[in-house]
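What follows is one structure encoded as structure tokens, with my remarks underneath.
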Amino acid sequence: MTPSSDFQLMAAPLQGFTEAPFRHFHSEIYGMEECPLTYFTPFIRWERGEVRNRDLRDATSELNSNHQLIPQIIFKDINEFLRLVDAVRNTGHKRVNLNMGCPFVPQVRKGRGAGLLVKPDIIAEIGRHIMSMTDMEFSIKMRLGVERPTDWRDIIEIINEINLSHLTIHPRTASQQYAGELHADEFNRLIDRSANPVIFNGDIYSPSQINELRQRYPGLHGIMIGRGLLMRPSIIAEWQQGQEWTRAERATRLLKLHDEIFNHYNMTLTGGETQILSKIKPLWEYFGSEFDRKSVKRIGKANTISSYRMAVMQLS
């Protein structure tokens with residue numbers, strides 16, 4: 001199937017990975033104007049009685065100027081929701097994504113992320129506030145449920161009353177985290193019952209899978225890729241070009257992405273080598289999938305900038 005401007009392409013936020021430097025240089029290296037990729041900030045949170053400042057700094061970074069960005073917020077009640085929306089509005093952003101899918105147990109136990117899926121009263125109250133915020137555009141990212149993949153059925157009519165730009169679904173439960181089967185049948189039922197455009201998120205690792213999803217779910221409005229985009233940053237560009245790249249092509253472009261991010265950290269972080277390495281090395285949890293495992297291990301063991309650079313140069 002050929003790319004379409006009506007089919008939305010989105011990059012899922014991952015805490016500690018998809019911050020402004022990654023988004024900026026990914027857009028610069030892989031961006032395609034005819035089907036632009038929409039990025040999301042890692043969630044902005046309420047912490048110790050205030051909005052966490054470093055989250056807002058990411059949402060207002062000058063590096064955001066070359067891509068479409070939607071801030072995401074995570075909250076447990078109407079008070080946190082209203083304060084976070086106000087904080088986003090004050091940054092100049094007019095779009096907000098509501099995180100109702102985070103499966104991290106401490107967040108879920110506090111009623112945030114996927115924990116909201118079993119709180120229909122709070123969702124309904126949020127919906128009433130959203131309907132009065134005509135200056136803002138809202139979307140939701142959620143799981144099918146907390147323990148049961150049918151939890152969504154209890155809240156879908158409430159969500160249908162909310163005018164959303166889109167509803168992104170990761171078709172697992174929070175208890176599954178990122179493993180186990182995707183509940184395809186439940187996802188299909190949700191598409192049929194949703195009054196809002198539906199986006200698919202979860203386990204997309206190759207360009208061909210995007211076409212398979214479009215064929216399987218004709219009513220699909222778009223796809224959102226998280227870990228698959230970090231493992232294969234070229235996945236969207238390959239799909240848009242209608243041709244898979246060779247491993248050598250993927251590796252060359254990925255290393256260019258790495259170098260740009262690394263150089264940015266090297267020039268802007270003031271905490272010395274330890275801080276720079278602590279920011280760049282985690283990316284190899286995903287980038288490493290394109291390279292020999294032993295070579296990637298050497299990167300993980302590097303404890304100086306010099307040894308790190310040498311390990312990257314020796315990748316095979």
Side-chain angles (χ1 to χ4, degrees), residues 1 7-18 22-23 26 35 37-43 70 72 74 97-105 107-108 112-118 139-153 155-156 159 164-194 196-236 238-239 285-286 289:
M1 300 179 71
F7 190 73
Q8 300 298 303
L9 304 169
M10 301 181 175
L14 277 78
Q15 293 290 126
F17 296 97
T18 61
F22 172 85
R23 299 192 304 264
H26 183 272
C35 291
L37 183 63
T38 299
Y39 298 81
F40 294 75
T41 67
F43 56 68
I70 299 178
Q72 184 185 87
I74 191 168
N97 182 252
L98 313 184
N99 185 319
M100 290 169 50
C102 177
F104 188 48
V105 174
Q107 293 286 359
V108 175
R112 297 187 180 95
L116 280 170
L117 298 176
V118 291
S139 58
I140 289 175
K141 183 176 187 293
M142 60 180 268
R143 297 267 173 146
L144 290 175
V146 178
E147 298 289 341
R148 304 176 305 149
T150 55
D151 285 342
W152 67 271
R153 300 182 188 182
I155 59 173
I156 190 62
I159 293 174
L164 302 173
S165 62
H166 62 270
L167 174 65
T168 299
I169 304 295
H170 183 122
R172 286 192 175 98
T173 63
S175 61
Q176 287 180 279
Q177 296 286 311
Y178 298 96
E181 68 171 319
L182 295 173
H183 299 282
D185 291 342
E186 286 300 318
F187 178 75
N188 208 22
R189 293 187 184 98
L190 187 148
I191 289 180
D192 289 341
R193 289 185 58 183
S194 177
N196 292 293
V198 176
I199 307 291
F200 181 97
N201 167 235
D203 291 9
I204 302 174
Y205 299 109
S206 70
S208 62
Q209 286 179 277
I210 300 174
N211 287 332
E212 291 169 5
L213 285 167
R214 294 184 73 187
Q215 291 170 352
R216 183 170 188 174
Y217 306 113
L220 199 61
H221 188 68
I223 52 99
M224 175 184 280
I225 308 179
R227 292 170 297 160
L229 189 73
L230 283 164
M231 294 171 68
R232 189 169 177 165
S234 58
I235 183 171
I236 294 294
E238 294 178 69
W239 177 73
E285 176 184 341
Y286 297 101
S289 62

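Model, not experiment: these values are computed from the prediction.
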Checklist line | side chain to side chain contact (heavy atoms under 4.5 Å, CB included) between K141 and Q72, worked out | finding: CA-CA 9 Å; K141 183 176 187 293; Q72 184 185 87; 3.9 Å; yes
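- The aromatic ring centroids of F22 and F17 lie 6.0 Å or more from each other.
- Note that CG of L164 is 8.0 Å distant from OG of S194, once rounded to the nearest 0.5 Å.
- Checked by atom type and distance alone, the side chain of S175 pairs as donor or acceptor with a backbone atom of V146 at under 3.5 Å.
- Contact annotation: the side chain of L116 never approaches that of I155 to less than 4.5 Å [non-hydrogen atoms, C-beta and beyond].
- Looking at Y205 and R232, their side chains never come closer than 4.5 Å, going by heavy atoms from C-beta outward.
- Residues F187 and V198 meet the side-chain proximity criterion, which asks for heavy atoms closer than 4.5 Å.
- With values rounded to the nearest 0.5 angstrom, M142 atom CE is found 9.0 Å from D151 atom CG.
- Closest heavy-atom contact between A12 and G226: CB-CA, 3.6 Å.
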Next item on the list: Before giving the answer on side chain to side chain contact (heavy atoms under 4.5 Å, CB included), spell out for R227 and D203 the whole-Å C-alpha distance, their side-chain angles and the decisive distance to 0.1 Å.
Entry: CA-CA 8 Å; R227 292 170 297 160; D203 291 9; 3.2 Å; yes
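- Looking at I223 and Q209, their side chains never come closer than 4.5 Å, going by heavy atoms from C-beta outward.
- Residue-environment remark: CZ (R193) exceeds the threshold of 12 foreign heavy atoms within 6.0 Å.
- Atoms CG and CG, from N188 and L220 in turn, are 10.0 Å apart once rounded to the nearest 0.5 Å.
- Considering only heavy atoms from C-beta on, I169 stays 4.5 Å or farther from W152 through its side chain.
- Across every non-hydrogen atom of T41 and P13, the tightest pair is O-CB, 3.2 Å.
- Closest approach of S139 to S165, counting heavy atoms only: CB-OG, 3.5 Å.
- Among all heavy-atom pairs drawn from Q177 and P103, the shortest one is NE2-O, 2.8 Å.
- The nearest pair of heavy atoms linking C102 to I74 is CB-CD1, 4.0 Å.
- Because its NZ or CZ atom is both nearer than 6.0 Å to the ring centre of Y178 and within 45° of the ring axis, R143 counts as a cation-pi partner of that residue.
- E181 has its side chain within reach of Q176: a pair of non-hydrogen atoms, C-beta onward, lies under 4.5 Å apart.
- Note that CE of M231 is 12.0 Å distant from CD1 of I225, once rounded to the nearest 0.5 Å.
- Formation of a donor-acceptor pair under 3.5 Å by the T18 side chain with backbone atoms of L14 is found in this model.
- Atom-to-atom distance recorded for I199:CD1 and M10:CE is 4.0 Å, nearest 0.5 angstrom.
- One distance of note links CD of E186 with OG1 of T173; it measures 11.5 Å at 0.5 Å rounding.
- Between M224 and I204, every side-chain heavy-atom pair lies at or beyond the 4.5 Å cut-off.
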Notebook entry, point to check: So W239 and L9, side chain to side chain contact (heavy atoms under 4.5 Å, CB included) or not? Walk me through it.
Noted result: CA-CA 11 Å; W239 177 73; L9 304 169; 3.7 Å; yes
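- The shortest heavy-atom contact between A11 and F40 is O-CD1, 3.4 Å.
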Next item on the list: Give the intermediate values and the outcome of side chain to side chain contact (heavy atoms under 4.5 Å, CB included) for residues H26 and Y39.
Entry: CA-CA 10 Å; H26 183 272; Y39 298 81; 2.7 Å; yes
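- When atom types are taken as modelled, the side chain of S289 and the backbone of Y286 share a donor-acceptor pair closer than 3.5 angstrom.
- Using a 4.5 Å heavy-atom threshold, the side chains of Q107 and N99 count as separate.
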